[in-house]
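These notes are about the structure you will find just below.
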Amino acid sequence: MKLAIISHTPHYKKDNSVSGWGPTIREINQLTGIFTEIYHIAPLHSGDPPGSSMKYESDTIKLVPLKAYGGEKFTDKISVFTTAYYNLKQIKKIIDKVDWVQFRAPTAMGLYVLPYLSLRKDPKRWVKYAGNWKMDDAPVSYRFQRWWLRKNFQHSKVTINGQWEGQESHILNFQNPCLDNKELVRAMNIAHKKDFYGKLNICFAGSLTRNKGVEIIIDALKKIKSSDQIGEFIFAGDGSERKKFEDESKDIKLKISFKGFLNRTELEQVYKDSHIILLPSESEGFPKVIAEAAAYGCVPIVSDVSSISMYFNDSNGFLLDKIDSNELSEKIESALNDRDTLKKKSDAAVKVAGLFTFENYIRNLKEKILTDQ
């Protein structure tokens, strides 16, 4: 079988070598066991690839470059439409010769790609909606894509993060995969040996933006009374506001490290060294970093948004009732001052992380999508 994947995953070309955003590339690499050829139709950006980028592991995966779109300026925002004709031509050329197509939503490109796919009788298709399916104040473009997937994809499958009452039969809950069985075993061995009775390390992994809660984290760290129990706070990731956050953290009496973009091995070392992971973000589908870190025994302190509480809650982590620095600092204090409970939460979190393996994802894909259309 041949597969086309249409996404907004940024790709970069350097020295005739193509790489893309690591978590997506890792997931696509797993599909070579099912599909003989995979075409990833995605934007090609200029400049050097960030440290979080990865190369494809197989020559059977080929990038079909689209014109990049989007940005902060008005001209950047309308580029989603000025590039649409060219991008649709590229998409049509590829999906005319494949058996399956996967569209990864939500993205601005979905405003025209989803209607286009709905007009076609073939190839067979499924959509991976990675955002918060139940987000009340979602952008208009996201609300349109959710509506379209509910009303016009009944004969296809749409995978989302979570299961809610009244969910349409073609909308399926799929765990967002992030590690393989070998990685899980290695991570679990590290987690079971992790000592929670000395100074604790805390980490954050993701984009350094307000939306991801970085500003809230810095404000919360200023309020921590038990800061002498923290060994180091690690920010893994990068973003346009990094310098601002670094400046704001200078007066905090803690060892705070900004690591920038990390490759997979470097990120795993952060998880290995950490005991707690924070993610007080305003909107998520299901962040892979929570399950990844949990496999290494990191206890999550996270926002109660989307499907997160279906997997990580007060039995194996800490849920934020309010997404603010007061609530976050209180949860951190609770974790620091009850180490026995923290260790129990860590053990429980490790068990849940086993749901998020690539092997589990591939099995669900074969059983619930590829054999049902």
Side-chain angles (χ1 to χ4, degrees), residues 7-9 21 23-24 27 103-108 110 114 126-150 153 157-179 204-207 209-217 237 277-295 298-324 327-328 331 345 348-349 352-357 360-361 364 368:
S7 84
H8 64 289
T9 304
W21 190 59
T24 300
E27 183 179 323
F103 183 72
R104 300 173 72 93
T107 172
L114 288 177
W126 86 93
V127 174
K128 177 176 180 176
Y129 191 95
N132 181 354
W133 188 253
K134 287 293 182 178
M135 186 178 182
D136 294 329
D137 56 345
V140 173
S141 65
Y142 287 17
R143 294 203 299 271
F144 169 79
Q145 289 172 71
R146 284 187 309 192
W147 174 82
W148 193 275
L149 291 171
R150 286 190 180 107
F153 269 72
K157 299 297 183 185
V158 179
T159 67
I160 66 170
N161 302 290
Q163 181 71 45
W164 289 273
E165 185 177 351
Q167 197 160 291
E168 294 87 343
S169 60
H170 69 289
I171 310 292
L172 306 179
N173 177 28
F174 263 49
Q175 285 82 31
N176 208 2
C178 57
L179 69 170
F204 165 90
S207 301
T209 63
R210 286 186 178 85
N211 186 51
K212 288 290 184 179
V214 177
E215 190 168 54
I216 292 172
I217 291 173
I277 183 169
L278 306 185
L279 193 61
S281 54
E282 297 174 1
S283 177
E284 294 286 352
F286 187 91
K288 293 185 178 186
V289 295
I290 299 179
E292 286 176 347
C298 299
V299 177
I301 302 179
V302 290
S303 307
D304 186 6
V305 297
S306 188
S307 64
I308 291 176
S309 63
M310 297 179 187
Y311 300 99
F312 294 98
N313 45 57
D314 291 335
S315 67
N316 54 16
F318 297 86
L319 284 177
L320 299 173
D321 299 321
K322 296 180 180 178
I323 306 176
D324 61 34
E327 176 79 2
L328 180 58
K331 297 296 185 183
K345 287 178 183 282
V352 176
L355 294 172
F356 297 87
T357 62
N360 186 45
Y361 174 72
N364 283 331
K368 299 179 181 179

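We use all heavy atoms of the structure for the numbers below, so side chains are in, but hydrogens, waters and symmetry mates are not.
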Name the atoms and distances for all side-chain donor-acceptor pairs under 3.5 Å in residues 300-307, with sequence neighbours left out.
unit_1, atom_1, unit_2, atom_2, d
Ser303, OG, Leu279, O, 3.4
Ser303, OG, Ser281, N, 3.0
Ser303, OG, Ser281, O, 2.7
Asp304, OD1, Ser309, OG, 3.3
Ser306, OG, Asn132, OD1, 3.4
Ser306, OG, Glu284, O, 3.4
Ser306, OG, Gly285, O, 2.9
Ser307, OG, Asn161, O, 3.3

Non-hydrogen side-chain atoms of [X] and [Y] separated by less than 4.5 Å:
X: Lys345; Y: Phe318; result: yes
X: Trp133; Y: Ile171; result: yes
X: Tyr129; Y: Tyr142; result: yes
X: Gln167; Y: Ile160; result: yes
X: Ile216; Y: Glu327; result: no
X: Asn364; Y: Gln175; result: yes
X: Trp21; Y: His8; result: no
X: Ile308; Y: Phe286; result: yes

Any idea which heavy atoms bring [X] and [Y] closest together, and the distance?
X: Ser207; Y: Val214; result: O-CG2, 3.9 Å
X: Glu282; Y: Arg210; result: OE2-O, 4.3 Å
X: Leu179; Y: Ala353; result: CD2-O, 4.3 Å
X: Pro280; Y: Ile323; result: O-CG2, 3.2 Å
X: Val289; Y: Ile277; result: O-CD1, 3.8 Å
X: Gly162; Y: Asn173; result: N-OD1, 2.7 Å

Q: Kindly say whether Thr107 contributes a backbone atom to a donor-acceptor pair with the side chain of Gln145 at under 3.5 angstrom?
A: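 Judged by distance alone, yes, a pair lies under 3.5 Å.
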Q. Got a donor-acceptor contact below 3.5 angstrom from the Asn313 side chain to the Met310 backbone?
A.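 Side chain of Asn313 to backbone of Met310: no pair is present.
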Q: Would you please test Glu168 and Val158 for side-chain contact (heavy atoms from CB on, under 4.5 Å) and show each step?
A: CA-CA 10 Å; Glu168 294 87 343; Val158 179; over 6 Å; no
Mind checking the [atom1]-[atom2] spacing from [X] to [Y]? Nearest 0.5 Å is all I need.
X: Lys322; Y: Lys331; atom1: NZ; atom2: NZ; value: 11.5 Å
X: Phe174; Y: Gln163; atom1: CZ; atom2: CD; value: 11.5 Å
X: Phe144; Y: Leu149; atom1: CZ; atom2: CG; value: 9.0 Å
X: Asn176; Y: Leu355; atom1: CG; atom2: CG; value: 12.5 Å
X: Leu114; Y: Phe103; atom1: CG; atom2: CZ; value: 5.0 Å
X: Lys128; Y: Thr24; atom1: NZ; atom2: OG1; value: 7.0 Å

Q: Check the pair Met135, Asp137 against side-chain contact (heavy atoms from CB on, under 4.5 Å), reporting the backbone distance first and the verdict last.
A: CA-CA 6 Å; Met135 186 178 182; Asp137 56 345; 3.6 Å; yes
Q: Using the six-membered ring wherever Trp is involved, compare the ring planes of Phe356 and Phe312 and label them parallel, tilted or perpendicular (cut-offs 30° and 60°).
A: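 Judged by the thresholds at 30° and 60°, the geometry between Phe356 and Phe312 is parallel.
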